Amino acid sequence: MKKYTLLFGLMMSAFAVSAADMSRGADNFYKSATVSQQKVTFVNQYNMRVTGNLFMPKSMDRNAKHAAIIVGHPMGAVKEQSSNLYAQKLAEQGFVTLAIDLSFWGESEGQPRNAVSPDIYAEDFSAAVDYLGTQAFVDRTRIGVLGICGSGSFSISAAKIDPRMKAVATVSMYDMGSANHNGLNHGLSVEQRKKIIADAAGQRYAEFTGGATRYTSGTVQKIDANSSPIEKEFYDFYRTPRGEFTPKNASSLHTTQPTLTSNVKFMNFYPFNDIETISPRPMLFITGDQAHSKEFSEDAYQRAAEPKELYIVPGAGHVDLYDRTDLIPFAKLSQFFKDNLK
């Protein structure tokens with residue numbers, strides 16, 4: 001009997017590792033009954049084709065001009081992960097919304113795949129403004145941006161030099177620069193940073209001479225009792241049916257993982273420098289009170305000039321705000337854009 005009890009316990013343990021936590025309204029693959037979806041493509045200034053999903057209320061009058069919102073996905077994710085959900089929920093409130101794949105990810109162009117280029121990521125947001133601002137049903141004076149996780153820092157980087165973005169909101173923002181050159185809670189030493197840079201530089205020689213591409217960070221493929229809470233948090237979204245999505249012609253082994261040699265580009269990325277120059281355009285920073293990334297929203301809020309707001313969601317972790325509809329403050333986001341894209 002003990003053997004069977006042990007076997008059952010192991011089976012249940014394995015199930016607990018692989019099962020998705022669908023509590024608190026987790027609904028990443030939400031499909032709205034009142035919103036239309038259309039795949040669109042446009043070219044950024046680097047002549048790279050960017051792909052997005054355009055959402056509009058089915059009842060929308062296309063002969064009138066409407067406010068629009070660009071939605072950027074978490075770092076390493078694609079538009080089908082979190083972005084489509086937010087875009088549809090905001091489209092249900094009357095906005096035209098555009099969830100984009102950043103260059104090198106998803107259906108957008110860029111080689112090698114999974115490459116890091118903060119400048120090009122920011123350019124993709126401006127290219128999305130180009131696209132929306134030339135549509136007959138969009139009022140080009142009423143375009144806002146919403147960045148989730150890493151896209152929060154990319155959208156801020158874009159807004160600093162693109163005044164056409166009239167309102168900026170971020171959710172569970174990661175400052176991808178600080179996360180790489182400082183680490184969470186500034187836990188990365190200078191010597192550790194130098195080793196990361198040296199490893200990436202050495203890998204350039206390997207790949208230049210025909211070696212295989214190496215990847216870094218991202219979401220682990222397996223978790224166990226020794227996995228960190230952050231690893232488990234991301235695993236539950238990216239490696240289970242809750243949020244797993246592998247784009248066509250991509251490998252599930254490398255989703256969410258940037259290339260090792262390009263990831264060091266984040267070491268030179270300082271998106272919050274001069275963030276105050278976005279004023280008087282309004283900024284809204286949304287984070288969970290349990291989020292390991294809360295420090296980035298707090299930092300951005302402290303540096304930004306008025307008008308600004310830091311909105312903290314009780315009981316929410318970082319990934320919770322990707323898809324848990326019971327926790328995501330959609331009403332707050334919608335009101336922010338309604339008030340500021342009049």
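This structure is a prediction, so every number in the text was calculated from the model and none was measured.
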Mark yes when over 12 heavy atoms from residues, nucleotides or ligands other than [X] sit less than 6.0 Å from its [atom1]; otherwise mark no.
X      : atom1 : value
Ile230 : CD1   : yes
Glu276 : CD    : yes
Lys58  : NZ    : yes

task: Taking Ser36 for its side chain and Met56 for its backbone only, find out whether a donor-acceptor pair lies under 3.5 Å.
output: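 Yes: the side chain of Ser36 pairs with the backbone of Met56.
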- request: Just grab all the ring-ring contact (aromatic ring centres under 6.0 Å, His included) pairs involving residues 39-85, residues at least two apart or on different chains.
  value: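 Output for this query lists Phe42-Tyr131.
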Are [X] and [Y] joined in one hydrophobic group, where the rule is that I, L, V, M, F, W and Y side chains link up if heavy atoms are under 4.5 Å apart?
X      : Y      : answer
Phe336 : Val313 : yes
Met48  : Phe154 : yes
Leu321 : Phe337 : yes
Phe104 : Tyr215 : no
Val35  : Met60  : no

Report yes if some heavy atom in the side chain of [X] is under 4.5 Å from a heavy atom in the side chain of [Y]; otherwise report no.
X      : Y      : value
Phe95  : Ser334 : yes
Asn185 : Glu295 : yes
Gln88  : Asn84  : yes

Check [Y] with [X], please: is the shortest side-chain N to carboxylate O separation under 4.0 Å?
X      : Y      : answer
Glu207 : Arg214 : no
Asp21  : Arg242 : no
Lys195 : Asp199 : yes
Asp326 : Arg324 : no
Asp289 : Lys294 : no
Glu107 : Lys79  : yes
Glu309 : Lys332 : yes

query: Between Phe245 and Tyr238, is the gap from one ring center to the other below 6.0 Å?
result: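 Distance test on ring centres: not under 6.0 Å, no.
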message: Looking only at the aromatic ring of each residue, does the gap between the centers of Tyr270 and His181 stay below 6.0 angstrom?
response: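 Close enough - the centres of the two rings lie under 6.0 Å apart.
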- prompt: Considering residues at least two apart in sequence or located in another chain, which fulfil the side-chain hydrogen bond (donor to acceptor under 3.5 Å, both in side chains) criterion with Gln221?
  reply: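 For Gln221 there are no side-chain hydrogen bond (donor to acceptor under 3.5 Å, both in side chains) partners, ignoring immediate neighbours.
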Under the side-chain hydrogen bond (donor to acceptor under 3.5 Å, both in side chains) test, residues paired with Asp299 that sit two or more places apart: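 Scan of Asp299 (side-chain hydrogen bond (donor to acceptor under 3.5 Å, both in side chains), adjacent residues dropped) gives Arg303.
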To the nearest 0.5 angstrom, please state how far the [atom1] atom of [X] sits from the [atom2] atom of [Y].
X      : Y      : atom1 : atom2 : value
Cys149 : Gln81  : SG    : CD    : 11.0 Å
Asn28  : Thr240 : CG    : OG1   : 9.5 Å
Glu244 : Thr255 : CD    : OG1   : 6.0 Å
Arg193 : Asn182 : CZ    : CG    : 6.0 Å
Phe137 : Leu54  : CZ    : CG    : 5.0 Å
Thr256 : His254 : OG1   : NE2   : 11.0 Å

- prompt: In terms of the angle between their ring planes, are Phe296 and Tyr174 parallel, tilted or perpendicular, with boundaries placed at 30° and 60°?
  reply: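 The arrangement is tilted - the two ring planes meet at 30° to 60°.
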- prompt: Parallel, tilted or perpendicular for Tyr322 and Phe234, by the 30°/60° rule?
  reply: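 Tilted.
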message: Using ring pair (Phe, Tyr, Trp, His ring centres under 6.0 Å), reason through Phe330 and Tyr86 one step at a time and then give a plain yes or no.
response: CA-CA 8 Å; Phe330 288 117; Tyr86 275 82; 5.3 Å; yes
task: Compute both the distance and the angle, then confirm whether Lys308 meets the cation-pi test with Phe285: under 6.0 Å from the six-membered ring centre, within 45 degrees of the axis.
output: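 Verdict for Phe285: no cation-pi partner in Lys308.
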message: So if I apply the side chain to side chain contact (heavy atoms under 4.5 Å, CB included) rule between Val145 and each of Lys166, Arg164, Met165, which one comes out positive?
response: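 For Val145, the side chain to side chain contact (heavy atoms under 4.5 Å, CB included) check succeeds only for Met165.
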- prompt: Hey, are Asp124 and Ser103 close enough side-chain-wise for a donor-acceptor pair under 3.5 Å?
  reply: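 Short answer, yes.
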message: Checking Asp119 against Ser117: is there a side-chain donor and acceptor pair closer than 3.5 Å?
response: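 No - no donor-acceptor pair under 3.5 Å links their side chains.
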message: The test is side chain to side chain donor-acceptor pair (under 3.5 Å); show your working for Ser126 and Glu123 and say whether it passes.
response: CA-CA 5 Å; Ser126 287; Glu123 162 59 22; 4.8 Å; no
- request: Tell me, with the steps shown, if Met173 and Ile148 meet side chain to side chain contact (heavy atoms under 4.5 Å, CB included).
  value: CA-CA 6 Å; Met173 177 167 56; Ile148 304 164; over 6 Å; no
field: Test side chain to side chain donor-acceptor pair (under 3.5 Å) applied to Asn263 and Asn180, Thr216, Asn114, the passing residue
entry: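 Among the candidates, only Asn180 passes.
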